[in-house]
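Okay, structure first, notes after.
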Amino acid sequence: MHDLRMPRRSFAAMMIGGMLAAAPVSWAAAPPEAASCVACHGADGMGNAAAGYPRLAGLPAKYIADQLRYFADGTRNNAIMSGMAKPLSQAQIGVLATYYAGLKPSGKPAPMPAGAAASEGERLALRGDWDKGIPACIRCHGPGAVGVGENFPPLVGQSAAYIEAQIKAWKDGSRRGDPLGMMHTVALRMSDAQTQDVAQWLAAQPLLPVKTSKAQP
Ligand code: HEC
Ligand code: HEC
């Protein structure tokens with residue numbers, strides 16, 4: 001199994017790659033390519049928490065493009081998105097990735113559900129669980145889990161159900177393609193209770209603008 005403290009060099013290369021990426025730009029109007037995405041991901045790109053459609057607004061462009069290719073080639077297994085991604089050309093993927101990366105995230109965090117183990121979720125997100133070899137989420141996803149560079153997407157602004165579903169997908173192998181298998185390794189070490197706690201905590205955090213520089217893992 002991967003030692004998550006080891007891949008320092010590749011890790012540093014990815015962080016630097018991210019810092020060199022262009023700052024998000026604001027688009028006045030959606031490109032025609034996005035017309036079929038709006039129904040699920042919303043005109044504001046913030047998705048639909050109740051339906052399990054994730055936020056795209058302000059995600060790193062490279063990350064969005066990678067995910068669209070993963071859905072198309074089955075690296076990431078999802079029937080809906082596979083159908084959406086397969087017909088897209090590389091040029092269309094580029095347009096969509098740039099557009100959604102440039103949208104400013106908006107909206108309010110979800111309320112913490114009654115009976116949620118908020119302190120457990122917070123501990124895992126901010127400090128990790130080193131007995132089980134789980135690093136803090138913010139180590140890679142940045143302070144406030146607002147994302148870092150092109151490889152580490154924000155977690156805030158995603159629904160608890162979506163976050164939970166992704167951890168489970170990495171566990172059962174239906175989501176792959178994560179650099180160095182980082183999330184697969186993290187997910188395998190998380191219990192179902194930890195997954196739920198941290199997902200509920202993250203979904204309830206304030207939505208901050210995505211930073212593409214300065215933040216350290
Ligand atoms: C019918 C609803 C639907 C439509 C239409 C749709 N999506 Fe999705 N999208 C989803 C769902 C559901 C997921 C979560 C899939 C999963 O759990 O792996 C998703 C996930 C994604 C992701 C991954 C986000 C992340 O945080 O990893 C991207 C990128 C994406 N969609 C882009 C698009 C684009 C671009 C379009 C238009 C070409 C589009 N989607 C159209 C439902 C939809
Ligand atoms: C060692 C670095 C690392 C750590 C620690 C880490 N992540 Fe990740 N995470 C990643 C990377 C890299 C990706 C992007 C995967 C990809 O590109 O497919 C990711 C993606 C995700 C996603 C998918 C987001 C989306 O929009 O689909 C979720 C959810 C997630 N991580 C949750 C967590 C949680 C919860 C923790 C803490 C328990 C955590 N991560 C800790 C590296 C890490």
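Counting starts at 1 for both ligands and their atoms, in listed order. Note that the numbering runs from 1 along the sequence shown for the chain.
One option in L56, V38, V95 has a heavy atom closer to atom 28 (C) of ligand 1 than any other, and that option is L56. Relative to atom 41 (C) of ligand 2, the option among C137, P154, G149 with the closest non-hydrogen atom is C137. Of all the listed residues (R175, H41, Q67, K168), H41 holds the heavy atom that lies closest to atom 21 (C) of ligand 1. The option with the heavy atom closest to atom 22 (C) of ligand 1, from among F71, Y99, Y70, Y162, is F71.
Close approach of ligand 2 to V198 is summarised as follows: ligand atoms under 4.0 Å from at least one heavy atom of the residue are 35 (C). Using a 4.0 Å cut-off to heavy atoms of P135, the atoms of ligand 2 that qualify are 5 (C). Ligand-side atoms of ligand 1 in range of N78: 15 (C), 16 (C), 17 (O), 18 (O), range being under 4.0 angstrom from any heavy atom. Short contacts between ligand 1 and I64, defined as distances under 4.0 Å to a heavy atom of the residue, involve ligand atoms 29 (C). Taking a cut-off of under 4.0 Å to the non-hydrogen atoms of A136, the atoms of ligand 2 that pass are 5 (C). Short contacts between ligand 2 and N151, defined as distances under 4.0 Å to a heavy atom of the residue, involve ligand atoms 11 (C), 12 (C), 13 (C), 14 (C). Numbered from 1 in the order shown, with element, the atoms of ligand 2 that lie under 4.0 Å from a heavy atom of Q158 read 26 (O). Listed by number with element, the atoms of ligand 1 under 4.0 Å from a non-hydrogen atom of I80 are 1 (C), 2 (C), 3 (C), 42 (C), 43 (C).
In this structure, atom 5 (C) of ligand 1 lies nearest to the protein heavy atom S36 O, 3.2 Å. In terms of protein heavy atoms, atom 30 (C) of ligand 1 is closest to M81 CE, 3.4 Å. Here the heavy atom of the protein found nearest to atom 3 (C) of ligand 1 is C40 SG, 2.7 Å. Shortest contact from atom 37 (C) of ligand 1 to any protein heavy atom: C37 SG, 1.9 Å.
Rounding to 10 degrees gives 170° for the angle at atom 8 (Fe) of ligand 2 between SD of M183 and NE2 of H141.
Side-chain atoms of I134 and V186, non-hydrogen and from C-beta on, do get closer than 4.5 Å to each other. In this structure, C37 and Y100 have side chains that are in contact, with non-hydrogen atoms separated by less than 4.5 Å. Between K132 and S191, the closest side-chain pair of non-hydrogen atoms falls below 4.5 Å. Proximity of P154 to P105: side-chain heavy atoms (C-beta onward) are nowhere separated by under 4.5 Å.
Note that CZ of R127 and SG of C137 are 12.0 Å apart. Values are rounded to the nearest 0.5 Å. To the nearest 0.5 Å, the span separating CD1 on I167 from CG on D192 amounts to 11.0 Å. Distance CE/M84 to OG/S36: 3.5 Å, rounded to 0.5 Å.
Residue Q166 places a heavy atom less than 4.0 Å from ligand 1. Ligand 2 is never approached by P54 to a heavy-atom distance shorter than 4.0 Å. For the pair W201 and ligand 2, no heavy-atom separation below 4.0 Å is found.
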Next item on the list: Give the C-alpha distance, both sets of side-chain angles, the deciding distance and a yes or no for salt bridge (Lys or Arg N to Asp or Glu O under 4.0 Å) between R176 and D73.
Entry: CA-CA 11 Å; R176 288 170 292 124; D73 71 13; over 6 Å; no
Next item on the list: Could you give me the CA-CA distance, side-chain angles and deciding distance for R123 and Q194, then say whether side chain to side chain donor-acceptor pair (under 3.5 Å) is met?
Entry: CA-CA 10 Å; R123 185 177 320 139; Q194 282 178 316; over 6 Å; no
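Salt bridge annotation for D44-R55: absent, with no cationic side-chain nitrogen under 4.0 angstrom from a carboxylate oxygen. Comment: D172 does not engage K168 in a salt bridge, judged by the lack of any side-chain N to carboxylate O separation of less than 4.0 angstrom.
Shortest non-hydrogen contact noted between L207 and M46 is CD2-CE, 3.9 Å. Residues W201 and A118 share a closest heavy-atom pair of CD1-O, 3.5 Å.
Backbone and side-chain nitrogen or oxygen atoms of Y63 are examined, and one is located within less than 3.5 angstrom of a nitrogen or oxygen of ligand 2.
Among the atoms of Y53, no N, O or S atom falls under 2.8 Å of atom 8 (Fe) of ligand 1.
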